[in-house]
2 protein chains.
Amino acid sequence: MNAVNPAFAGSHDHRSCISHALGAAERLCASQGLRLTAIRRRVLELIWRSHRPSGAYELLGQLSAEGHKPSPPTVYRALDFLVAHGLVHKVSSRNAYVGCMHAGQDHVAQIFICDGCSLAFEQADGALDRRIRRNARDLHFHIREQTVEIAGLCPDCAETGRDD
Amino acid sequence: MNAVNPAFAGSHDHRSCISHALGAAERLCASQGLRLTAIRRRVLELIWRSHRPSGAYELLGQLSAEGHKPSPPTVYRALDFLVAHGLVHKVSSRNAYVGCMHAGQDHVAQIFICDGCSLAFEQADGALDRRIRRNARDLHFHIREQTVEIAGLCPDCAETGRDD
DNA sequence: AAGTTAATGTTATACAATTACAATGCGCCG
DNA sequence: CGGCGCATTGTAATTGTATAACATTAACTT
Ligand SMILES: [Zn+2]
Ligand SMILES: [Zn+2]
Ligand SMILES: [Zn+2]
Ligand SMILES: [Zn+2]
């Protein structure tokens with residue numbers, strides 16, 4: 001039934017996604033002595049405007065439109081911070097960044113991305129993670145990071161035949 | 001025991017990796033009526049010079065050094081061809097390309113990449129693939145492509161403490 | 001207040017990928 | 001053979017993504 005699946009749910013209360021994410025970020029930073037500075041917070045907010053992964057230069061453009069006019073390194077540093085502390089996931093296959101739905105929860109995420117509508121949805125299948133860790137162990141490989149991204153069509157786009 | 005693990009094996013007969021890969025490419029193209037043209041073949045050979053994923057501009061540089069002096073589209077077109085027909089895997093998390101060790105074998109690959117020495121090794125765990133497909137089915141998500149990349153330290157680098 | 005570190009600003013550049021259009025090569029039909 | 005159609009390659013320009021290197025500012029420490 002997948003009760004919790006905001007991104008691919010026909011519609012949902014996205015305002016609550018946002019406040020949840022921002023709240024989690026505040027709490028995580030407070031508890032770990034991290035500084036959620038203005039730009040970092042603003043970038044996080046911009047990323048959470050939707051469940052579509054945002055490109056760095058897209059964020060840069062939005063910030064510019066508000067008068068900040070930052071340069072690439074500024075945005076990339078904010079993104080690095082957010083990714084480093086698990087507030088945002090990088091979607092390597094798209095060179096884009098999406099808000100983490102389980103910030104502070106110590107998980108390994110798998111990300112589904114729709115080719116039709118670009119929505120991304122994060123899953124955290126522990127069994128999948130364990131399987132990968134087991135394979136790594138068999139190879140005597142020490143994992144630092146897993147990148148698991150699944151591209152295809154979400155239920156909506158599959159049904160309506162949209163395919164890019 | 002992982003008998004077949006060329007990339008992370010202390011050393012191996014890489015000449016046989018190369019001839020195997022090139023042979024497989026020839027056969028696959030012949031059997032499917034594809035044209036393994038000079039550039040395509042040359043790019044494939046360059047990629048197979050090692051088990052380290054190559055960047056497009058790195059390949060471009062090597063081709064230039066031989067006198068070909070191609071431009072980016074030429075290289076990207078060759079890469080597109082090789083990827084499309086399963087001769088090469090794109091490593092999204094590195095924006096690089098590595099030779100496929102199971103060309104023509106219809107598999108879904110997971111790629112281990114060492115942060116220390118950059119060696120990449122491809123695995124094809126069917127159970128992992130099935131688990132991902134099952135998760136997708138539960139979400140009513142129609143998979144087009146999986147990207148599974150595991151970064152960390154290979155046995156050698158873990159032992160010698162190299163970490164970048 | 002002075003020293004120290006983290007964060008941001010600035011400029012320039014490196015690296016990755018695509019667009020658009022021209023030229024060439026190659027198989028096929030008449 | 002000559003002309004057509006299609007795949008491949010060439011070329012020029014541009015766009016997109018990411019980092020290097022160094023200066024400046026802000027925030028915490030003593
Ligand atoms: Zn939402
Ligand atoms: Zn997450
Ligand atoms: Zn080899
Ligand atoms: Zn493969």
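Just so we're clear, the structure is a prediction, and the values are computed from it rather than from any experiment. Numbered from 1 within each chain, the chains take letters A, B, ... in sequence-line order.
Here the straight-line distance linking atom CG of B/Leu36 with atom CG of B/Leu22 works out to 7.5 Å at 0.5 Å rounding.
The ring-ring contact (aromatic ring centres under 6.0 Å, His included) check on B/Tyr76 picks up nothing, with sequence neighbours excluded. Considering only residues two or more places apart in sequence or on other chains, A/His102 meets the ring-ring contact (aromatic ring centres under 6.0 Å, His included) condition with A/His107.
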Evaluate salt bridge (Lys or Arg N to Asp or Glu O under 4.0 Å) for A/Arg49 paired with A/Glu45, printing each intermediate quantity in order.
CA-CA 6 Å; A/Arg49 300 227 291 201; A/Glu45 286 170 359; over 6 Å; no
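The backbone N or O of A/Asp125 sits less than 3.5 Å from a side-chain atom of A/Gln110, completing a donor-acceptor pair.
Heavy-atom contacts from other residues, nucleotides or ligands closer than 6.0 Å to CD of A/Gln105 number more than 12. No more than 12 heavy atoms of other residues, nucleotides or ligands sit less than 6.0 Å from atom CD of A/Glu159.
Nearest-nucleotide positions on DNA chain D place B/Thr37 closer to the 5' end than the other of B/Thr37 and B/Asn95. Looking at which nucleotide of DNA chain D each of A/Arg35 and A/Lys90 is closest to, the 5′-most match is held by A/Lys90.
Sorted by first and then second residue, the salt bridge (Lys or Arg N to Asp or Glu O under 4.0 Å) pairs with a member in residues 95-109 of chain A form an empty list; sequence neighbours excluded.
When DNA chain D is scanned 5' to 3' for any atom under 4.0 Å from a heavy atom of chain A, the first and last hits are D/dT17 to D/dA27. Chain A approaches DNA chain C over the interval C/dA7 to C/dT11, counting the first and last nucleotide 5' to 3' with an atom under 4.0 Å from its heavy atoms.
Between A/His14 and A/His20, the distance from one ring center to the other does not fall under 6.0 angstrom.
Annotation: side chain of B/Leu44 is in contact with side chain of B/Val88 (closest heavy-atom distance under 4.5 Å).
Using a 4.0 Å heavy-atom distance criterion, B/Arg94 is classed as making no nucleic acid contact.
Residues from residues 59-89 of chain B with heavy atoms under 4.0 angstrom of DNA chain D, sorted by number: B/Ser71, B/Pro73, B/Thr74, B/Arg77.
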